[in-house]
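Heads up: the structure comes next, in structure tokens.
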Amino acid sequence: MGDRSESLRVTNTLTRQKEVFIPRDEGRVSIYTCGVTPYDESHLGHARPAVFFDVVRRYLASRGWQVRYVQNFTDVDDKIIARAQREGIPALEISRRYADEYLAAMDALGVRRADVYPKVSEHIPVIIEMVARLVEKGHAYVSGGDVYFAVESFPGYGKLSGQRLEEMMAGARVEVGEGKRHPADFALWKAARPGEPSWQSPWGPGRPGWHIECSAMSLHYLGNHFDIHGGGLDLVFPHHENEIAQSEAYTGDAPFVRYWLHNGLVTTRAEKMSKSLGNFITVRALLKEYPAEFIRYLLLSVHYRSPLEFGADALAAARRGWERLLLGWQELNRRLETVMPSLPQATGAATGPGIGATSPLAGVVRQTRENFRRAMDDDWNTPVAISTLFELTRSVNSLLHSGAELAGDTLTALAAARDLMRELGVELLGILPADPHRAFGASAAGGTDDTAITTRLIELLLEVREDARRRRDFVQADRIRDALGACGIVVEDTPAGPRWRFRGD
RNA sequence: GGCGGGAUAGCCAAGGGGCAAGGCAAGGCUCUGCAAAAGCCUUAUACGUGGGUUCGAGUCCCACUCCCGCCUCCA
């Protein structure tokens with residue numbers, strides 16, 4: 001790869017259209033995504049943007065761009081303060097605890113770390129400087145110890161969300177706060193209240209409002225006109241709308257961001273998954289039951305802008321599909337290893353054009369690479385990208401099933417298929433395990449001693465069963481298989497001997 | 001009330017003027033001691049409803065119904 005001809009198109013929320021992606025700086029891409037407010041455990045709704053933007057940066061990197069990725073932590077916030085007061089410990093301790101938890105959860109999901117994780121509490125001077133400048137330029141005003149942004153001072157207000165200030169006046173939920181000139185004005189700086197963390201400022205002790213941090217920190221780390229700003233669809237208004245207003249008023253130079261990317265929300269029973277509705281599932285709970293690669297598959301099996309319904313039925317169906325991909329990936333590796341045990345992983349050499357040319361599979365491999373890239377280039381169409389992997393898997397299985405001799409061009413093409421699966425399924429999407437031999441237990445994160453013992457016991461039983469089968473004592477053999485089945489262990493007989501795995505559902 | 005998105009097979013889900021991807025489920029067959037896995041085949045003349053534009057409409061336009069999100073903290 002490495003070819004970055006202008007073929008990548010992305011949906012820009014600002015224009016609601018697919019646009020050709022051309023970064024600000026040749027060869028480099030800057031991305032800022034809104035991270036979390038760390039006051040509680042992270043759930044699947046937080047994992048979706050994390051995994052999606054993880055794939056975005058991996059894909060951009062694979063296309064030869066150098067990516068700089070920044071994701072913030074809003075570590076100064078009402079909910080953090082509330083929890084801190086409830087638990088009687090400092091607010092920053094709460095936020096540090098849950099920020100660490102978030103990072104651990106995302107690590108477990110295979111999300112690569114951002115280059116920087118700026119926190120509000122560590123960027124107060126940058127924020128104060130920005131607020132002061134906005135006051136100076138007449139875009140903000142001081143009211144008591146608070147500072148508000150004056151939305152009417154910014155003509156473009158509403159351009160991201162399509163809201164109009166006049167219409168919002170009529171809205172039932174907008175109220176004029178005390179000290180606000182316009183109901184849509186929002187706080188840049190809040191005066192300190194007793195018991196809350198606060199910092200000194202030209203307007204007295206206080207803390208930053210919600211929206212200003214992202215403007216201040218993204219501009220600080222990525223500069224003006226950076227490439228991609230991401231986040232959940234629920235942040236479009238008011239958060240990102242306000243970011244644009246502040247930032248462009250501050251710099252006097254639009255656009256603040258070149259491309260706005262928003263991911264759809266995770267729902268359960270068609271309702272948004274959220275802490276307040278109590279219909280969420282934590283990443284930790286999910287990881288106890290499912291491998292990280294499967295969770296990523298689940299998240300990427302729907303286009304990023306669409307809602308993703310999370311429920312038992314969808315989960316089971318997705319699980320079966322993912323398993324087929326996984327089993328195919330494992331079988332492919334096994335077969336190649338028996339034929340050429342010394343071949344190192346991912347030769348890379350076997351993917352060149354013309355390699356294994358006389359094998360039909362070589363054509364499928366080439367097609368898969370093309371189709372995959374076309375899908376990803378078309379606004380990150382991961383569902384279609386995944387479907388190309390299914391098609392490749394079917395071709396590979398078909399070949400293996402045909403009994404064709406694994407030699408010459410056929411073997412070369414098979415190795416190319418393996419390399420491509422690794423490149424796309426493992427390294428790019430992260431939906432397949434890097435180690436194809438990894439066994440997927442019911443609790444992959446569980447005690448290793450127990451799993452080691454379990455494994456030995458299962459293998460012992462299978463040896464006993466093999467003896468029975470050799471004696472053609474199928475009653476005994478089936479009894480063992482049924483008993484294992486009752487424990488959720490699937491036994492499969494293959495020409496190379498029995499194989500087992502935990503049933504996934 | 002304002003703004004935005006959506007309705008595609010039994011289920012999930014791409015596509016978005018010219019023969020309807022992929023997955024799950026279901027049925028048949030092959031392989032197998034039997035299974036499982038895998039393969040092959042079958043499964044959308046009705047793409048929410050009614051109009052319209054067009055040689056041609058899931059795809060564009062209008063109206064309507066229902067669903068979701070945002071407008072309060074939210075990924």
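Just so we're on the same page: letters track the sequence lines, and every chain starts at 1.
Checking B/A44 for Watson-Crick or G-U wobble geometry (two distances, each under 3.5 Å) identifies no partner in any strand. Remark: B/C34 base-pairs with no nucleotide in the shown strands. Criterion, Watson-Crick or G-U wobble with two distances under 3.5 Å. Nucleotide B/C60: paired with B/G52 (Watson-Crick or G-U wobble, both distances less than 3.5 Å). Nucleotide B/C73 forms a pair with no other nucleotide shown, judged by Watson-Crick or G-U wobble geometry with both contacts under 3.5 Å. Shown here, B/C29 forms a base pair with B/G39; the pair counts as Watson-Crick or G-U wobble because both key distances fall under 3.5 Å. Nucleotide B/G4: paired with B/C68 (Watson-Crick or G-U wobble, both distances less than 3.5 Å).
Remark: A/Glu331 engages A/Arg334, A/Arg499 in a side chain to side chain donor-acceptor pair (under 3.5 Å) (not counting sequence neighbours). Scanning for side chain to side chain donor-acceptor pair (under 3.5 Å) contacts around A/Glu213 gives A/Asn72, A/Thr74, with sequence neighbours left out. Scored by the side chain to side chain donor-acceptor pair (under 3.5 Å) test, A/Ser161 finds A/Glu241 as partners (sequence neighbours excluded). With sequence neighbours excluded, the residues that form a salt bridge (Lys or Arg N to Asp or Glu O under 4.0 Å) with A/Glu87 are A/Arg83, A/Arg97. Partners of A/Asp54 under the side chain to side chain donor-acceptor pair (under 3.5 Å) rule, at least two apart in sequence or in another chain, are A/Arg58, A/Arg296. For the ring pair (Phe, Tyr, Trp, His ring centres under 6.0 Å) test, residues two or more places apart in sequence or in another chain that qualify with A/Phe294 are A/Tyr290, A/Trp322.
Between A/His401 and B/A38 there is no side-chain N or O to OP1 or OP2 distance below 4.0 Å. Between A/Arg471 and B/G33 there is no side-chain N or O to OP1 or OP2 distance below 4.0 Å. For the OP1/OP2 pair of B/A75 and a distance below 4.0 Å, the side-chain nitrogens and oxygens of A/Lys275 include no atom meeting the criterion.
Between A/Leu432 and A/Glu293 there is no side-chain heavy-atom pair separated by less than 4.5 Å. Side-chain contact check for A/Phe21 versus A/Asp377: every heavy-atom pair is 4.5 Å or farther apart. For the pair A/Val257 and A/Ile244, the minimum side-chain heavy-atom distance is 4.5 Å or more.
One can place CE of A/Met106 at 11 Å from P of B/A75, the figure rounded to the nearest angstrom. In this structure, A/Asp378 atom CG and B/G15 atom P are separated by 7 Å, rounded to whole Å. Separating the CH2 atom of A/Trp500 from the C1' atom of B/A37 is a distance of 16 Å, rounded to the nearest angstrom. A/Leu332 has its CG atom 13 Å from the P atom of B/G39, to the nearest Å. Between A/Leu326 atom CG and B/A37 atom P there is a gap of 13 Å when expressed in whole angstrom units.
A/Arg16 comes within contact range of the sugar-phosphate backbone alone, with a heavy-atom separation under 4.0 Å but no base atom that close. Within the nucleic acid shown, A/Gly45 comes within 4.0 Å of at least one base atom, counting heavy atoms only. A/Asn381 comes within contact range of the sugar-phosphate backbone alone, with a heavy-atom separation under 4.0 Å but no base atom that close. Among the atoms of the strands shown, none is found under 4.0 Å from any heavy atom of A/Val236. Among the heavy atoms of the strands, none lies under 4.0 Å from A/Leu233. Base engagement by A/Arg465 is indicated by at least one non-hydrogen atom pair under 4.0 Å involving a base atom. Across all strands, A/Phe474 comes closer than 4.0 Å to base atoms (heavy-atom distances).
When all heavy atoms are compared, the tightest approach of A/Tyr157 to A/Ala245 is CD1-CB, 3.7 Å.
Judged by distance alone with a 3.5 Å cut-off, a donor-acceptor contact links the side chain of A/Arg481 to the base of B/A35. Not a single donor-acceptor contact under 3.5 angstrom links the side-chain atoms of A/Asp77 to the base of B/C73. Side-chain N/O atoms of A/Asp478 and base N/O atoms of B/G33 include a donor-acceptor pair closer than 3.5 Å. Not a single donor-acceptor pair, N or O on each side, falls under 3.5 Å between the base of B/G2 and the side chain of A/Arg164.
For residues 392-404 of chain A, the set of pairs meeting the salt bridge (charged side-chain N to carboxylate O under 4.0 Å, His left out) definition, not counting sequence neighbours, is empty.
Residue A/Asn397 places its side chain closer to B/G39 than to any other of B/G69, B/C70, B/G39.
B/G15 shows a glycosidic angle more than 90° from 0 and is accordingly assigned anti.
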Restricting both atoms to N or O, compile the protein contacts to nucleotides 10-13 of chain B shorter than 3.5 Å, with distance only.
none

Might you list the N or O atoms of the protein lying below 3.5 Å from N or O atoms in nucleotides 25-28 of chain B, with each pair's distance?
{"residue": "B/A25", "atom": "OP1", "partner": "A/Arg320", "partner atom": "NH1", "Å": "2.9"}
{"residue": "B/A25", "atom": "OP1", "partner": "A/Arg320", "partner atom": "NH2", "Å": "2.9"}

